K.L.:
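Quick one: structure below, then a few questions.
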Amino acid sequence: MIFADKLLDSLLQNDLLTINNQSHERTWGYYYEQYHKAFRVFLEIAMQKRYQTNRKFMPFMFIMRHSLELFLKEKISKTMTAWEQYGTTHNLEKLYQFTNINDEEFLKHFDCLNCNSEGDCWRYVSDRNGSSYFKGRKKIHAFDACSYYCSFLDNDASFTNASEDKKLQWEPTFHTTNCHTLGIIGTQYDFAIKDILLAIQEGKISINDIYLPLLFLLRHSLELKLKASIIELGNVVKEQDRYKVNNNHKVNYLYDVLSEHTDGAIESITDSGFKKQSKNLRDVTIEYKNKIALLDANSYLFRFPKDRSGNDANFIPESDCVSEILKLYKLSLIHISEPTRL
């Protein structure tokens with residue numbers, strides 16, 4: 001199991017997951033700083049050259065891309081650009097046009113991030129029509145993007161100075177053929193969650209600096225596992241429902257589709273002990289998805305300080321929201337990830 005009991009116990013016992021919610025800000029700059037620091041955690045791990053990055057390359061690429069999106073929107077928000085022109089798009093090429101960044105190489109260096117897109121390729125396997133995002137593309141080289149990210153945003157030349165280090169160049173070289181199912185992507189997001197929690201445990205970063213990307217990773221892991229479990233049921237799920245699942249981000253909806261097929265299986269279990277255990281896991285999962293849905297119903301509020309109309313996002317964290325979600329996350333993993341056991 002990726003998520004170890006001792007890790008969560010240590011974090012809770014040392015009060016390392018309590019958020020100072022009085023410092024929360026609904027600004028582009030605040031959200032950028034949180035996602036930027038999360039990516040710096042991943043970069044630090046990459047620089048250790050222990051081949052720990054490929055196992056989480058999808059969240060690695062997404063967090064880098066999302067940090068850049070927030071960085072660009074923070075700059076645009078200080079101009080006279082209308083909200084309608086930049087507020088809801090995630091296309092980095094379009095956003096770049098509204099900034100005052102005078103660097104013709106900016107987008108070129110980040111070409112591996114698929115800048116001329118909405119960035120969903122780093123969260124899912126296929127688009128709304130079911131077409132694979134990386135069909136025919138087997139390898140992604142992200143070293144140059146990481147190097148430019150560090151030098152441009154932090155004036156940090158650590159990657160640039162290591163341009164001849166073949167081991168470090170290999171670390172952010174990713175193989176898309178190893179990531180062909182939602183279940184695999186979900187596991188990659190789990191590894192990203194674990195890396196952030198370890199960084200908090202080791203005192204490298206505080207929960208107050210990183211709770212937004214951590215909450216996003218937890219939420220997206222849940223969404224991916226629900227979708228993967230539904231797909232695993234195969235033709236038991238109607239084709240129309242499978243299509244809707246592929247285009248829906250609401251965890252309540254996804255769980256309802258899954259429970260239509262798992263609730264009956266649970267009730268039919270003849271072994272009383274196994275039946276009780278299955279019901280307990282189901283109850284934990286319901287509590288988990290309800291809590292996630294209450295905080296961020298449609299995968300938006302953990303990522304952006306504004307809603308789709310440009311108003312302040314309706315999210316202010318409770319001091320214990322991360323710790324409570326992590327407890328449920330750990331307990332619910334079996335029920336979500338292994339529906340066919342029922």
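This chain uses plain numbering: 1 for the first residue, then up along the sequence. Since the model is a prediction, treat every value here as computed from it, not as a measurement.
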K.L.:
Applying side chain to side chain donor-acceptor pair (under 3.5 Å), can you list everything that pairs with Arg40, at least two apart in sequence or on another chain?
P.N.:
Asp154, Asp156
K.L.:
List for me each residue that meets side chain to side chain donor-acceptor pair (under 3.5 Å) alongside Lys250, sequence neighbours excluded, and say none if there are none.
P.N.:
none
K.L.:
Classify the angle between the aromatic ring planes of His24 and Tyr30 as parallel (below 30°), tilted (30 to 60°) or perpendicular (above 60°).
P.N.:
perpendicular
K.L.:
Determine, step by step, whether Asp144 and Asp111 satisfy the side-chain contact (heavy atoms from CB on, under 4.5 Å) criterion, reporting the C-alpha distance in whole Å, the side-chain angles of both residues, the deciding distance to 0.1 Å, and the verdict.
P.N.:
CA-CA 10 Å; Asp144 182 57; Asp111 182 63; over 6 Å; no
K.L.:
Among residues at least two apart in sequence or on other chains, which ones pass ring-ring contact (aromatic ring centres under 6.0 Å, His included) with Tyr96?
P.N.:
Phe106
K.L.:
List for me each residue that meets ring-ring contact (aromatic ring centres under 6.0 Å, His included) alongside His180, sequence neighbours excluded, and say none if there are none.
P.N.:
none
K.L.:
Go through the structure and list residues passing salt bridge (Lys or Arg N to Asp or Glu O under 4.0 Å) with Asp209, not counting sequence neighbours.
P.N.:
Lys37
K.L.:
Other hydrophobic cluster members with Tyr243, side-chain heavy atoms of Ile/Leu/Val/Met/Phe/Trp/Tyr under 4.5 Å, chained?
P.N.:
none
K.L.:
Is it true that Glu287 and Lys291 make a salt bridge, defined as a side-chain N closer than 4.0 Å to a carboxylate O?
P.N.:
no
K.L.:
Only pairs at least two apart or in different chains count here, so list each salt bridge (charged side-chain N to carboxylate O under 4.0 Å, His left out) that has a residue in residues 297-316.
P.N.:
Lys306-Asp312
K.L.:
Quick one: ring-ring contact (aromatic ring centres under 6.0 Å, His included) partners of Phe304, sequence neighbours excluded?
P.N.:
His66, His90, Tyr300
K.L.:
Considering residues at least two apart in sequence or located in another chain, which fulfil the side-chain contact (heavy atoms from CB on, under 4.5 Å) criterion with Gln201?
P.N.:
Leu7, Ser10, Leu11, Leu198
K.L.:
Salt bridge (charged side-chain N to carboxylate O under 4.0 Å, His left out): which pairs involve residues 163-189, sequence neighbours left out?
P.N.:
Lys49-Asp165
K.L.:
My understanding is that only residues two or more places apart in sequence, or in another chain, count here; which of them pass ring-ring contact (aromatic ring centres under 6.0 Å, His included) with Tyr189?
P.N.:
His220
K.L.:
For residues 89-104, which residue pairs qualify under salt bridge (charged side-chain N to carboxylate O under 4.0 Å, His left out), counting only residues two or more places apart or in two chains?
P.N.:
none
K.L.:
Measure centre to centre between the rings of Tyr148 and Phe110, then say whether the value is under 6.0 Å.
P.N.:
yes
K.L.:
So if you build clusters from Ile, Leu, Val, Met, Phe, Trp, Tyr with side-chain heavy-atom gaps below 4.5 Å, do Tyr51 and Met61 land together?
P.N.:
no
